Amino acid sequence: MSEEFSFIHAADLHLDSPFSGFEQCGDVDGPEKENVLRQLRNCTFDALDNIVAECIRYQVDFLVLSGDVYDSGDRGMRAELHLKKVVEKLGEHGILVFIAYGNHDYDRGNRARLSWPSNVYFFSAGEVDCFPVTRQGKEIARIYGISYPCRDVQENYALRFKRQPGDPFAVGVLHCNAGGAAEHANYAPCKIENLINAGMDYWALGHVHTREVLRGSGPCIVYPGIPQGRNPREAGEKGCYLVNVSGGGPVELTFLSVDSVRWTEINVSIDDMQVEEDLLKHLDAELRRVAGDFSGRSVVCRFNLTGRGSLHSYLRHGSTASDILTELRRNFTAAEGPFVWPESIRCCTGQPVDIENAGREETLLGDLLSLGKEAYANEDLRQQLRDSMVSLEKRASPHVSSPGEEEFNELIEEALDLAADLLWEEE
Amino acid sequence: MKLAGLHVQNYGVLQDFTLERECFCGAPMIIYGPNEAGKSTLMSFIRGILFGFKGEGRKPVPVDGAAPGGWIYLEDSAGQVFRVQRSGKRGKLVVELPGGEKEGEGYLKNNLLGGVSPVLFKNVFSVGIDELRKMEDLKKEEVSAHIYGAGTGINPDRLARAASYLQNGARDLYNPRGRKQVINQLLDNIKETERKIRQLEREPARYRELKEDLSGLEEKQKNLNRRQKELQQRKKQLESLLNARGPWLKMQNTRARLDDIQAKSTAAGNEIESQRAAIKALGSEKNLFLEKKQKISEEEARLEQLEAQVKEQLADLGPGWDEEKVLPLDLFLALYRQVEGYEEKFSKCRENINQAEQHVKYCSRDAAACKKDLGDIDKKLDAFAAKGDISLQEKESALEELNGILQERERLQTVLHGDRQRSDDLNSRKEFIERSLEDLQNSRKPAWTCLFFAAVGGAAFYVLGFNPAGFISFAGGAVLALVLGLRCKKWNDAVSARQEQVREERKKISREQEQLEHAVGNKEEDLNNIEYRKQELTCKLDFSPGFTREELNHARRELEREKRKQLEKEQLENQKEKTRKVLEQLQNELKCAGEKQEECMEELNQLNSEWQNFCREKGLPQLGPRDMTAFLNLAGKARETINKMKLCREEKSRLEEYVNNYVQRLNSTAAALQKETTGIENAGELAAVLEKLVEEHDEVMNTQKQLQDWLEETREHLLSIAGGAGALDKLLAELDQTSREENNEEMDDINEELKKSGEHLEQLNKDIAEKNVELRELENSEELSRARQQKVVLEEQLAYSVRQWRVYTLCSALLSAARQKYERERQPSVLKKASLYIEPVTGGRYNRVITPVGAPDQLEVEQPAGERVKAGDLSRGAANQLYLSLRLSLARHYSSTVWPLPVMLDDVMVDFDPGRLAGAVNILKKITPHHQVLFFTCHKHVLDLIAEVIPEYTCVSL
C-alpha cells in the first residue's frame, strides 16, 4: 500500500516561446504597448511561476514536466536560468522536480552549463531512467522517464518502460503521440495498450496541447495540455493537473488554471447593425464582459464578424475595422497590470445579397459566382486557380506553403464574397 | 409578359393616375407629353412596382409626403392577368393571381419576370437617354465592360473599378521582382529576424565559455594580489631606508663638527664680553659719525659758494653797497606797496593828461566840421529865391475856383447847345403837325360814292322796271349805298378826332418853344458872367487869357512842385538851426577840455615833488617808481644770501664738535682690547673691526647650540621613520651595512615589478568586469525573446497579407474566367442581332457590330465596304444608335431565350437625324410584334413619324 502523496503534472511549457496576436500594435504606443508586449513575452515564464506557486501552495512532493519545457533545442539563456531559479525555489520547499525533454527541447543543441540543484532530475535521452521519491527515508513513488535525443523520434518509447517489482507507485513520464492523433505531429507514437502494458500507475504524458485524460484509472493516462495558450488555436483555459495519490484509493485529478494571458475568440454577427457605432458598442460590451469573466488575468481577444448587412461595405473597404480596433485598444490597455487586448477584427461578413440566387442570374457576377462554386469540385478549374497563386509560394517558401484543400475552399469563398462586394449593385 | 394597365396612387407628380387596358393595346404604345409631364416618373413607377421603389434614383415620394404606391396589370402569354400592387412605407408587394390568390416578391420574380434581375431590367428593358449616353464617355478599354454591363446588370464603371481594385490590391501586396511591396518586405524582415535568432540561440555556449574564462581570470587575479602585497611591504622598508639615509649621514657629520668647535673655544671671548656694550654703542653710532664727518666737508663747500654769491649781488646794487648797508634796509612789504602806490598815481596822472589832450583835439575837429556844414546849408538856402507875390495857398484856391468856373462854363454851353437843338426839333415838329393837318383835311371821304350806288340802283330799277331783277338791282344799289355811306361817315369822324388831337399838340409845342427861348436867354447871361470871372483869375494866376481846362492839370503839377520846394527849404532851415546849436555846444566843450588839461599838468608836477621826498626819507636812491621796485628785489635777494651764509658757518662748528667726541671714545675702547688707536679719518674702520670681533664670537656660540639641537631632532626623525626603538636599531644597522645605491637599485626593481603587476591586474579586473557584465546580460537578456516575438509578429502579418493577396488573386482569376465565359457563350448572338439593327438605324452606313479577335473588350462597327470604326471614334448620334441596337438585340436575346419582357424607351432617339430616325422607327416596327414596346417622347415629329410608319400604335398624352 502506497503512502498518500501528491504531485503536479505539467507539460509543454515552451518557455520563452513567442505569443502571437499583436501583428498590428502601431495604434497603441508608450507604456501601454510595452505592458502588453512584456506580458505576452513573459507569459510562458509567468505560467511556470504559477505552477511553482501551486506546488508550494499544495505542498506537493514533486513536480513532473513531461517534455517541451523549452521551445527549441537551443534553449536560450533566459529560459534555462529561469527554470534553474524556480527549481531552486522548489528545492527550498523540499519539492523534487523531474524533467523529460520532448521533440522541441530534445537533448542536443546550444545550452548553458549550469550547476543544477540536487532536487532536480533530468531523464536521459533515449534511455528510460528511474528515480525514487522518498519521504522520511521511505520510498513513496518511483518516477520513470525518457528524454528525446533528437526532434524526430519515431520509436515507440512506451515499450521501453517497465515497472520494477516493489514500486510503491510508478509514474511514467513520456512525451509522445498516444493513440496516433492525426492533428498532432507523430513523435514517439504509441498505443494506449502499450502504456497500459508498461505497468505504470500514472502516465504523465506531454505533447498534446489540449488537456485530455485518456484514461481515468488503471493506469491513469493524462495529457495536461499546454499551461499557457499562445495563439488562437490554443484559446481557453490552460493549466496543469494536481494529482493526489491516496493509499490504495483512486488517483484524484484536479485541474489548476495557471495561464497568465488567455486567448479568446468572439463571433459577432452584423445582421442587425446599421451603423458603425452599433458595432463599436457591441464589441466594447463584449470586451467588458470578457474582462469581467477573466478578472485578474490578461486577455487577448479576436473578433470574427459574420453575417450580411449594410455595414459590410464599410468594414470591407473603409478603415472602419481598424478605427474600431484602435479605439478599443486605447480603452482596454493600461500602463501596467492585466489588460484586454483586442487582437484583430476578422471580417467574414458579406453584402446583403443572396449569393445562391445571384449565382443563378445570367449576369457577369452570376457567371463568376457559378464559376466559384464549380471550383469547389472541378479539379481543372481548381488547379487553374491554384496556378495563379504559385508565384508567391515559390518566393515565400518556407514561410508560406500551398494552402490545403480546406483552406483553399475558404479562400474561394472569400474571393466570391469579395467579388460580390465589388460587382453586386444594389437595386 | 406584357403590361396591361396601371394605376398610380401616389408617385412623384402622379396621383390617382390610371391607364386602362386599351391604352396598352397599341404596338408600340406612345406616351407623349411635354417636359415634366411625368413620362420618366411613369417609367420609374413601373420599375418601382416590379423591383421596389428604393432602387429608383428619382424622388418617388409624392408631394404630399404619403408613401408611394400603386399597381400594374401584367398579362402572360396565355392571356391571364395578374395584379401587382406595391404600397406602404416598406413597399410591400402583393401579386393577385387571376384566381384571387395572393403571392409575394418570389412569385413575381420567378413566375412573371422570368428571374430577371432589377439591374439587368434597368440596363436592357428600361433605358433612358442617360443610360444610353453613359457609354460614349467611357474609355475604349471600358467599352467591352459596358457591353457586359448592358447584358449583365453591372455598371461598366463598377466593373472597371473592380478589376482595377483587384489588380492594384494584389500588386501592392506582392510582386515577384519587387522589394517595397508588403509581402516582399515582410519576407525580408523575417529572414533578417531569423538570422538574429540563430545568432542569439548560440548564447548558452557563450555562457559556458564565459564562465570558464572568468574562473581562470579570477585565479590569476588572486595570485597577483598576493605578490603585490609582498612587494609593497619590501618597498615600504626600502623607502624607510632611503628616507633615513640622508638624516643619518648628516647626523654623523654633525657630531664630528661639534667636537671640533668645542676644542677651539678660547679665553679671548671673556674680554669681548666685557666691552660688548661699548662696542655695540660705537657700532650703532658709526653711521651717524660717518654722516656728520661727511657733512662737515659739504658745509665748507657750501659756505664758499655763498660768499661768492653775496659778493656778486652787492655789486649788482651799485657801488658803495655792502653787508652793513644792506642788512638795515627796510624791505618789508609795506615799502613795496608804497612804491607801487606812487607808480599807480604817476600812471593815472599821465593818463588824465592824455585824455584831456584827446578831448581838446576831438572838440576842435567837430567844431570845424559844424562850421563847414553851416556854410553848405546857407548856399543851398540861397538857391531858393522867392517867386511872385502870391502865396501858394491863394494860388491853389484860385486854381480850384478857375477849375469850377471852367466846369460850369462847359456845362452851361452843353445845356445851351441842347436847348438850341430842342428848339430846332420843336420847329420841325410844328411843321410836321401843320402838314399832318393838311393831310387829314385832304383825307376826308366824299358822300358822292354812296349816292352813286344809290343812283345806279335806282337807275337799274328804273331800267328793269318792277320786276324782281329791278327790285334786286335797286335793293343792291341801296344796300351798297347804305354800306358805303356808313363807312364814309365813320372814316370822316375818325379824321375829325385826329385833327383835333394834332391841333392840341401844336399848341403844346408852341408853349414849349416860348419857355425854351426864355431859358436860353438866362443861360447866355450866366455864360458871360463866368467868362468875366475867368479873366480875373487867369490874370491873378499869371495865366494866358485863353487858359483852358486842358492846361489846368499842368498848372496843378506846377503848383505841387512849388509845394515840394517850399518843404525842402523849410527842412534846410531846421537843419541849419540844429547845426548852429551843436557848434555852440562844441565850442563850450573845447573850452572845458583846455582847462582840464592844465589841471592835470599841475597835478603831475606835485606828484614828482612827493616822490623825491619819499626816496630821501627811506634812504633809497633817486630812481623812478618802476626802477625802485627792481632795486628793492635785488637788495632783498642779497640780504637773504647773507643770512644763509651766517647759518652755514654755525652748522659747521656743531659738526666738528661731535666728530671729535666720537673718535675719543673709540680710541679708549680699542686700547682696552689692545688694538691701535686712530684719528678721525680711520675711526670708521676701527669701529668696524671692533664690531666684527663681537660678531665672530657670537657666531661660534650659535653654531654650537644649533648642532646640538639638530642632533636631537635627527634622532627623533629616524625613530619615526623606523617606527620604533627596536626597528630603529635594525634600521641603523642596515644603514650601516648597505649603501644608497644598493637600496635604490632594489627599489627600482620592486617598482618595475609593481607597475607590471598593477597593469596586469588592472587588465584582469577589466576583463573580469566585462565578462561579468556579459554574463549578467546573457542571464537577463530578453533579446532572444524579443526576436522570437518579432518573428511571430512578422509571420502573423505575412499570413494575413498572403491571405489577402490570395483572395485578390483568386477573385481576379475568377473575374477573368467569368469574362471569358461571357465572351464565349453570350456575346456572339447579341452582336449578331445588333448587326441586323445597326444598318437601318444608321441609314445603311454600318451593317455589322463586331469585337475584334484578341480584343474582346473592344467594340467596332463595320461599313458595307468593310471599313471598321471603333465605338470610341463614332459621333455622339452614331454611338447612341450603336448602343440602342445593342440593347434592343440584348432584349431580343433575353426575351427569346429566357422570358419576353416589355421594353421601355425614354426618348432615346432625340439625337437621330430624320433618315436614321425613320430607320430606328422601322426597327421598332419589327420589334413590336415580339415585344411590348412603351415609347416615351416629348417630340411631336417623332410621334408623327411613328404614327405614319406604325399605324398600330396607341398614344397616351400626359
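Note that these values count all heavy atoms, side chains included, but never hydrogens, waters or copies made by symmetry. Computed from a prediction, not measured in an experiment: that's the story for all the values here. Quick note on labels: first sequence line is chain A, next is B, and so on, each numbered from 1.
Residue with the most contacts toward chain B among A/Gln384, A/Glu410, A/Glu413, A/His82: A/Glu410 (heavy-atom pairs, distance under 4.5 Å). The candidate from B/Lys211, B/Gln790, B/Arg786 with the greatest count of non-hydrogen atom pairs under 4.5 Å with chain A is B/Arg786. Across A/Ala79, A/Gly366, A/Ala396, A/Ala419, the residue that shares the most heavy-atom pairs under 4.5 angstrom with chain B is A/Ala396. Ranked by heavy-atom pairs shorter than 4.5 Å toward chain B, the options A/Leu385, A/Leu416, A/Ile412, A/Leu392 are led by A/Leu392.
Ring planes of A/Trp116 and A/Phe122: perpendicular class, angle over 60° (limits at 30 and 60°).
The pair A/Glu414-B/Arg806 fails the salt-bridge criterion, with no side-chain N (NZ, NE, NH1 or NH2) lying under 4.0 Å from an Asp/Glu carboxylate O. Between A/Glu265 and A/Arg346 there is no salt bridge, since none of the side-chain N atoms of the basic residue sits less than 4.0 Å from a carboxylate O of the acidic one. A salt bridge does not link B/Lys196 with B/Glu192: none of the charged nitrogens is closer than 4.0 Å to a carboxylate oxygen. Between B/Arg788 and B/Glu783 there is no salt bridge, since no side-chain nitrogen of the basic residue lies less than 4.0 Å from a carboxylate oxygen of the acidic one. Using a 4.0 Å cut-off between a side-chain N of Lys or Arg and a carboxylate O of Asp or Glu, A/Arg38 and A/Glu34 do not qualify as a salt bridge. Checked for salt-bridge contact, A/Asp71 and A/Arg230 meet the test: a charged N lies under 4.0 Å from a carboxylate O. No salt bridge links B/Lys771 with B/Glu212; every basic N to acidic carboxylate O contact stays at or beyond 4.0 Å.
If you measure heavy-atom distances from A/Asn42 to chain B, the contacts under 4.5 Å come from the side chain alone. Of the two parts of A/Leu369, neither the backbone nor the side chain holds a non-hydrogen atom closer than 4.5 Å to a non-hydrogen atom of chain B. Residue A/Leu81 touches chain B through its side chain alone, counting heavy-atom pairs closer than 4.5 Å. Neither the backbone nor the side chain of B/Leu200 comes within less than 4.5 Å of any heavy atom in chain A. Residue contact with chain A, scored on non-hydrogen atoms closer than 4.5 Å, involves the side chain of B/Leu798 exclusively. For B/Leu210, no part lies under 4.5 angstrom from a heavy atom of chain A. Contact annotation for B/Gln804: neither backbone nor side-chain heavy atoms come within less than 4.5 Å of a heavy atom of chain A. For A/Ser17, no part lies under 4.5 angstrom from a heavy atom of chain B. With a 4.5 Å cut-off on non-hydrogen atoms, B/Leu187 touches chain A through its side chain but not through its backbone. Contacts of A/Ser115 with chain B are absent, with no heavy-atom separation under 4.5 Å from either backbone or side chain. Using a 4.5 Å cut-off between heavy atoms, B/Ile190 contacts chain A through its side chain alone, with no backbone atom that close. Heavy-atom distances place the side chain of A/Glu393, and not its backbone, under 4.5 Å from chain B.
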Report task. With side-chain hydrogen bond (donor to acceptor under 3.5 Å, both in side chains) as the test, would you mind laying out the steps for A/Tyr70 and A/Tyr101 before giving the verdict? Result -> CA-CA 8 Å; A/Tyr70 305 105; A/Tyr101 295 132; 5.1 Å; no

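Annotation: cation-pi geometry satisfied between A/Arg386 and A/Phe408 (NZ/CZ under 6.0 angstrom from ring centroid, within 45° of ring axis).
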